[in-house]
Every structure is written in structure tokens, then in C-alpha cells.
Amino acid sequence: MRGLNTKGLLAFVAGLALVVGGAGCGGDNDEGGGGNESFDLVIGDSIPLTGDLSDFGPPGQKASDLAVAQINNAIKEAGVDQTVKVVHEDNETSPQAAVQAARKLVDSDGASCITGAWASADTIPTAQSVSIPDGILQISPASTSDEITGLDDDGLVNRTSPPDSFQGPTLANTMADALGGAEGKTVNIGARNDSYGTGLAGTFGDAWKGLGGSVGQQVIYDPEQPSYDSEAGQITSGNPDATVIIDFPETFVKVGPALQRTGNWDPSKGWFTDGLASSDVPESVDAQVIDGMRGTAPGSPDKGEASTAFDDLYTSSDPKDVDRQTFDTQNFDATILCYLAAVAAGSTDGKDMADQLVDVSAPPGAPYTWEQLPEAIKALQNGDDIDYQGASGAIDMDDAGDATAGVYDIYTFKGATLTLDEIGETPVAQPNQ
């Protein structure tokens, strides 16, 4: 799976995570349009083909294209009068470029649902400048900052990856297990200065201290700096028991070597988060910098039929030279949810779709996977409630648009290869515990 040297999966199942914000309750689509409605839906895919997250862009684009192909196959099988297309725009992993990309997708291409952006620092301005004022449904596959939860968005801003209120405690618990407990252990944190880095540093730090550990140095650095020698010295100071790096690949290309130059960096004590869970990182950083580093990232169920089927679909489809990466399944699911929300609403109006999104992505309701899209279409047209089961697993959006169910993978850089560790299944760490 994922084009990696896969040895296993650590699945954090968040089935009981509905305590966070309250799970979205599905109904019988009483307020939706439903019925055999004809429509033409344009999905705008705001994708990082360049910039700090460019490792993830091409696989995300391929996943979105595959989703639209499956949707159109299902439309044909169901015999409905609908068309769906996706238009991709490079958001450059830049807030300004992301807003410009979204504006083009909406104004020029006619998109009423946007999948993206990917970096939280790009998703938030996209929401504030385009999606919310224009009434566009937005579903990010990769933005995990907790700031997104609190946006005043009238249900328009959502995501298929769990928020950092889950990842922080999950990483803390995983590290505590590896270190024989957190009590008496000190962790240093190095994080990029944006909504993702500072937010996750805080969420992880609070969870780590809640387990009895302490945070030594917390160094927040500008991702646009030319060098990081001073920051690296602070991050590696004090002989910590472990160090957490919260960053993106293109910045870590400079941060990682700076850590190594201090002479105090031991990658076997290093941990990372989802922004660095890229199999391309070893191509840009010397193996001595990363060998032994471990980390967490949202994934997909190792034994889930829908996830296995997606892996088969992805690996057998062109372009075959685009290997899988973190968040590809989440973008696949975001694309399909744009469509299912339109079917449930009987409309391609962004606000109408937003009103139906939680219902089609969370229980109660009959479960349907992406392989059962024709049946899901018919159910929605009959006014029935469905619970979409994604390629990334159960999504179960709550009323804030946050995915409250899913899985996390535990990764390790072994030499020049990113691998998945064979650890087994463990319940997801709950926020504030």
C-alpha cells in the first residue's frame, strides 16, 4: 500500500469519538431535495502540486480523478441524468495562491464544491475569502488544525481527516508506550509557525503533560527562513528523552540537516506528525538525519474492504508512476462526498449540499461504500438516509464538519525508506484525556 515498504498498520479506531462536538445525526432527508433530480456538478480540487506539500499533490489529484470516474460509472449504472467533473488548480501550498485558486475554480470553472486546500494555513483563508462568503461547500482532505473547528461557516467548511484534537493525544499516547510511560520524561518540540504547527504543538504538549510528562524546549520557527541553525540548537538542547518535529517536507529539507549539524540530534529519539509522512522525504534528506524517526498520520483501515479495493483501484490505474501517499484516500472520499451531498440535496447549490453533508457521512443510516455508489444514489433519491463508508474508513462528521472516526498509521523512517510499523489495533486517544 501507498507505494511504501509496508509492514503493517496501527489503526486507531475512533468509533466512540462522537463525544467531540456531538456526532452529526442523520435523518430521512426531510429537508433535502432528493428525488430523481438532474444536475451538472463541478468539483474544484485545490491541490498542492508545488510548494511545501508538493509530495502529496499528484497522488491527491489522481485519487480525485479516480473518484470522479467511479461517480460517473455509478451515474450511468443508476440511470440518472447527472454530470460530474473535477477541475484541478495548484494552490502552491500558499495562502494567497490557495485563495486565488479557489476564486478561479468558483468564478471561472463554476465549482460549487471545493476539495481542499491541504495545508490548514491555506484552508482557513480559502474558507474566509471564498467558501463562506460565496456559499461554497468546502471539504479538505488534509487540513487538521483545530482552528478550523471553530470557524463561523454555517456548515460550509468540513474535512475528511480527523482534527489535531485527536492526533495530539494519539501521538502522546504512542510515544508514552514507546518510552515506557510519560512520567518523568521530557520532550522538546520544534514546529513551523502556522495554524498547523502551533496548533498541533499545543495539542500534543497538553496531552503529553496530561500523561505526566514535561515539555522542555518548544521552538516555533518561520517556515520561510533561509537557515535554522539557531533553532536547531534550541530544539536539541537539554538532552530530552524525545523530540517532536511538526513540519512539511520542503521546510524540513533545511531543518533536518540543521538538527544533524548540532551534533546532539539522535533521529531514533525523533518523532514527526502527518505533514512529514511522505515517502519522498528520504529523497531530499540524508538518511542519517531521519533513520529511526517515528510518527503518526491519518490512514485507512488495513483490513477494510473499501480501503483494500481502493488500493487495488489506485495501483492498477494510470498514471502508474504516481505512488500512493498520505491523504490520498481522504481526497478520494472528499470528492465522492461532494457528489453524494448534491444527490441528497437534489441541488448543486453549495449551501444546500452543506445542509446534507453530515447526514450522508455519519450514522444513523444504511452504510454504503464507494463500490456501492449506484445503490447509494437510489437510496438518496428515495429519501433514505445513508452513512457513507469511505476508502479512508468511517468518517462520521460531527456538526462542526470534523471527521470523528478513522484510523492513524504509525510510520518509521528506516534508512531511506518510510515504512508502516506492525503494531496492531488500538483505540484512538480521546481529546482532553
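Residue pairs that meet the disulfide bond (SG atoms under 2.5 Å apart) test with at least one member in residues 175-237, sequence neighbours left out, do not exist here.
Side-chain contact check for Leu340 versus Leu373: some heavy-atom pair is nearer than 4.5 Å. Put simply, the side chain of Glu375 does not reach to within 4.5 Å of the side chain of Lys378, judged on heavy atoms. The side-chain heavy atoms of Ser278 and Phe56, taken from C-beta on, include a pair separated by under 4.5 Å. Considering only heavy atoms from C-beta on, Asn188 stays 4.5 Å or farther from Gln218 through its side chain. Contact check for Ile189 versus Val219: no side-chain heavy atoms found under the 4.5 Å cut-off. At least one side-chain heavy atom of Val157 sits less than 4.5 Å from a side-chain heavy atom of Ile132. At a threshold of 4.5 Å between non-hydrogen side-chain atoms, the residues Ser112 and Met353 count as touching. With a 4.5 Å cut-off on side-chain heavy atoms, Ser279 and Gln325 count as touching.
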Can you list the steps and then say if Gln82 with Ser38 is a side chain to side chain contact (heavy atoms under 4.5 Å, CB included)?
CA-CA 5 Å; Gln82 299 164 356; Ser38 300; 5.6 Å; no
Take Asp45 and Val87 through the side chain to side chain contact (heavy atoms under 4.5 Å, CB included) test and state the conclusion after the steps.
CA-CA 6 Å; Asp45 187 32; Val87 180; over 6 Å; no
Could you please spell out the steps behind the side chain to side chain contact (heavy atoms under 4.5 Å, CB included) verdict for Gln70 and Leu313?
CA-CA 10 Å; Gln70 295 303 308; Leu313 174 67; 3.8 Å; yes
Could you go through Ser161 and Thr144, starting from their C-alpha distance and side-chain angles, then the distance that decides it, and tell me whether this counts as side-chain hydrogen bond (donor to acceptor under 3.5 Å, both in side chains)?
CA-CA 7 Å; Ser161 56; Thr144 57; over 6 Å; no
Verdict with reasoning, Asp241 to Lys269, per salt bridge (Lys or Arg N to Asp or Glu O under 4.0 Å):
CA-CA 7 Å; Asp241 297 284; Lys269 294 183 179 180; over 6 Å; no
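For an aromatic pair to be called close, the ring centres must be under 6.0 Å apart, and Tyr368 with Tyr388 fails this. A centroid separation of 6.0 Å or more is found between the aromatic rings of Phe252 and Phe272. Taking the ring centroids of Phe248 and Tyr196, they lie under the 6.0 Å cut-off.
Comment: Arg159 engages Asp402 in a salt bridge, judged by a side-chain N to carboxylate O separation of less than 4.0 angstrom. Between Asp311 and Arg324 there is a salt bridge, since at least one side-chain N of the basic residue sits less than 4.0 Å from a carboxylate O of the acidic one. In summary, Asp222 and Arg192 do not engage in a salt bridge, as defined by a charged side-chain N under 4.0 Å from a carboxylate O.
We find the CZ-OG1 distance between Arg294 and Thr419 to be 11.0 Å, quoted to the nearest 0.5 Å.
For Trp271, the ring pair (Phe, Tyr, Trp, His ring centres under 6.0 Å) test picks out no residue, with sequence neighbours left out.
Shortest non-hydrogen contact noted between Ser129 and Arg103 is O-NH2, 3.2 Å.
Ring orientation note: the planes of Trp208 and Phe204 are close to parallel, at an angle under 30° on the 30°/60° scale.
Checked by atom type, the side-chain pair Ser143/Thr123 shows a donor-acceptor distance below 3.5 Å.
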